[in-house]
Amino acid sequence: MSMPFYVAPEQQMKDRSDFARKGIARGRAVVVLRYQDGICFVAENRSLALHKISEIYDRIAFAAVGRYNEFEQLRIAGIQQADLRGYAYDRSDVTGRMLANAYAQLLGSTFSSGADKPFEVELVVAELGHDGSDQIYRLTYDGSIADEENFAAMGGATETIAEVVRRGIDPQADLRTAVRLAVNALSADTSAPAPRVLGPDSLEVAVLDRTRPRPRKFRRMSRTALAGLLEEEGTK
């Protein structure tokens, strides 16, 4: 009878972290940043059908990088939880913090269980505040959660992308300036095989727009509208 190999818990956690990080690093990046009228989401994504950015609830949106089938599963779970809470209590009781905590518990329990493989995803849950106090929560594969001040970057060469955004971020900038900054940051991704110029056909952009008169603040930008936005500034 063969004896099972003993693996120290620290080594198990390291191996699972390395596994998850490799999967996430292969994904194209997403930048989430505040601007004067809300929160802007910009992802490198050539698909019109498979979205990295989605609405979760009235004032809450979700962005993810990593394995698509896994973050799609998490997106659907978030929508169901938000709908259930809004129906049982009140729509104002659905908050970004509540959803971020639920995601953190799910990611953390899966990472530490040892039975299932860890999620190869990173997430952002962003909420448009009623009084301008917007919230951006970033969650990693192990359930860690961070409350980001003005922006978050995930996937690809995260540090390089984040540094470009950090140097240029202005929460009072207009949408055009915010999108342009995010596109410049994504273009600086050093994990790509060659320098790239990202145009509308390779981007997915959406916003939580506080000027929108409807309760639902999420708005996905068409590629035609995005082309006009970028062309006006000569960034195409």
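Numbering of residues begins at 1 and proceeds along the displayed sequence.
Heavy atoms from other residues, nucleotides or ligands lying under 6.0 Å from CD of Glu163 number more than 12. Heavy atoms from other residues, nucleotides or ligands lying under 6.0 Å from NZ of Lys14 number 12 at most.
Under the 4.5 Å side-chain contact rule for hydrophobic residues, Leu128 and Leu33 do not share a cluster. Hydrophobic cluster membership is shared by Val94 and Leu106, with clusters built from Ile, Leu, Val, Met, Phe, Trp and Tyr side chains linked at under 4.5 angstrom. Ile53 and Val125 fall into different hydrophobic clusters, where Ile, Leu, Val, Met, Phe, Trp and Tyr residues are linked whenever their side-chain heavy atoms come under 4.5 Å apart, directly or through other members. Neither Ile136 nor Ile60 shares a network with the other; the hydrophobic side chains, linked directly or stepwise wherever heavy atoms of I, L, V, M, F, W or Y lie under 4.5 Å apart, form separate groups for each. In the hydrophobic clustering of this structure, Ile56 groups with Tyr137; members are Ile, Leu, Val, Met, Phe, Trp, Tyr whose side-chain heavy atoms approach within less than 4.5 Å, directly or through other members.
With hydrogens and angles left out, the side-chain atoms of Asn184 and Ser187 include no donor and acceptor closer than 3.5 Å.
Of the possible donor and acceptor atoms, one in the side chain of Tyr103 sits under 3.5 Å from a partner among the backbone N and O of Leu74. Without hydrogens or angle criteria, Asn45 side chain to Leu50 main chain gives a donor-acceptor distance under 3.5 Å. Distance alone, capped at 3.5 Å, is enough to place a donor-acceptor pair between the Lys217 side chain and the Arg212 backbone. Side-chain atoms of Arg59 come within 3.5 Å of backbone atoms of Gly129 as a donor-acceptor pair (strictly under, hydrogens ignored). Side chain of Ser17 to backbone of Met13: a donor-acceptor contact under 3.5 angstrom is found. For Ser112 (side chain) and Gly108 (main-chain N/O), a donor-acceptor pair under 3.5 Å exists by modelled atom type. A donor-acceptor pair under 3.5 Å is formed between the side chain of Asp93 and the backbone N or O of Asp90.
Across every non-hydrogen atom of Gly155 and Ala29, the tightest pair is O-CB, 3.5 Å. Between Gly86 and Tyr57, the shortest heavy-atom contact is CA-OH, 3.5 Å. Residues Ala43 and Val30 approach most closely at CB-CG2, 3.7 Å, considering heavy atoms. Nearest approach of Gly66 to Phe71, heavy atoms of both residues: O-CE2, 3.8 Å. The shortest non-hydrogen separation linking Ala153 to Thr158 is O-CG2, 3.3 Å. Shortest non-hydrogen contact noted between Ala100 and Leu139 is O-CD2, 3.2 Å.
Side-chain contact between Met98 and Asn101 is absent, with no heavy-atom pair separated by less than 4.5 Å. The shortest side-chain heavy-atom distance between Phe41 and Val31 does not fall under the 4.5 Å cut-off. At a threshold of 4.5 Å between non-hydrogen side-chain atoms, the residues Leu186 and Val164 do not count as touching. Residues Val207 and Ile39 have side chains not in contact (no heavy-atom distance under 4.5 Å, counting atoms from C-beta outward). Looking at Leu123 and Leu107, their side chains come closer than 4.5 Å, going by heavy atoms from C-beta outward. Under the 4.5 Å side-chain criterion, counting only non-hydrogen atoms from C-beta, Leu203 is in contact with Val42. Proximity of Pro118 to Asp142: side-chain heavy atoms (C-beta onward) are nowhere separated by under 4.5 Å. In this structure, Gln81 and Ile76 have side chains that are not in contact, with every pair of non-hydrogen atoms separated by 4.5 Å or more.
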*Go through the steps to decide whether Asp134 and Arg210 satisfy the test salt bridge (charged side-chain N to carboxylate O under 4.0 Å, His left out), and finish with yes or no.*
CA-CA 10 Å; Asp134 307 331; Arg210 76 174 85 256; 2.7 Å; yes
*Is there a side-chain contact (heavy atoms from CB on, under 4.5 Å) between Leu48 and Arg223 once you walk through the steps?*
CA-CA 9 Å; Leu48 289 171; Arg223 285 182 170 172; 3.4 Å; yes
*Assess whether side-chain contact (heavy atoms from CB on, under 4.5 Å) is satisfied between Ile79 and Arg75, documenting all intermediate values.*
CA-CA 6 Å; Ile79 291 173; Arg75 182 188 71 85; 3.3 Å; yes
_Derivation of the side-chain contact (heavy atoms from CB on, under 4.5 Å) call for Asp170 and Thr177_ = CA-CA 9 Å; Asp170 177 7; Thr177 303; over 6 Å; no
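In this structure, the separation between CG on Leu175 and CZ on Arg180 is 13.5 Å, given to the nearest 0.5 Å. Note that CE of Met154 is 7.0 Å distant from CZ of Arg138, once rounded to the nearest 0.5 Å. We find the CZ-CG distance between Phe151 and Leu181 to be 9.0 Å, quoted to the nearest 0.5 Å. Rounded to the nearest 0.5 angstrom, Arg219 CZ and Glu55 CD are separated by 12.5 Å. With rounding to the nearest 0.5 angstrom, the CD1 atom of Ile24 is 7.5 Å from the OG1 atom of Thr140. From Glu148, atom CD reaches atom CZ of Arg34 across 13.0 Å, with rounding to the nearest 0.5 Å.
Across Arg220, Lys52, Arg28, a single residue satisfies salt bridge (charged side-chain N to carboxylate O under 4.0 Å, His left out) together with Glu204, and that is Arg220. Results of the side-chain hydrogen bond (donor to acceptor under 3.5 Å, both in side chains) test with Glu120 over Lys22, Arg67, Arg21 single out Arg67 as the only residue that passes.
In this structure, Phe119 has its ring center no closer than 6.0 Å to that of Phe111.
A salt bridge does not link Glu159 to Arg166: none of the charged side-chain nitrogens sits closer than 4.0 Å to a carboxylate oxygen.
Remark: Arg216 is not positioned above the aromatic ring of Phe218, lacking an NZ or CZ atom under 6.0 angstrom from the ring centre and at most 45 degrees off the axis.
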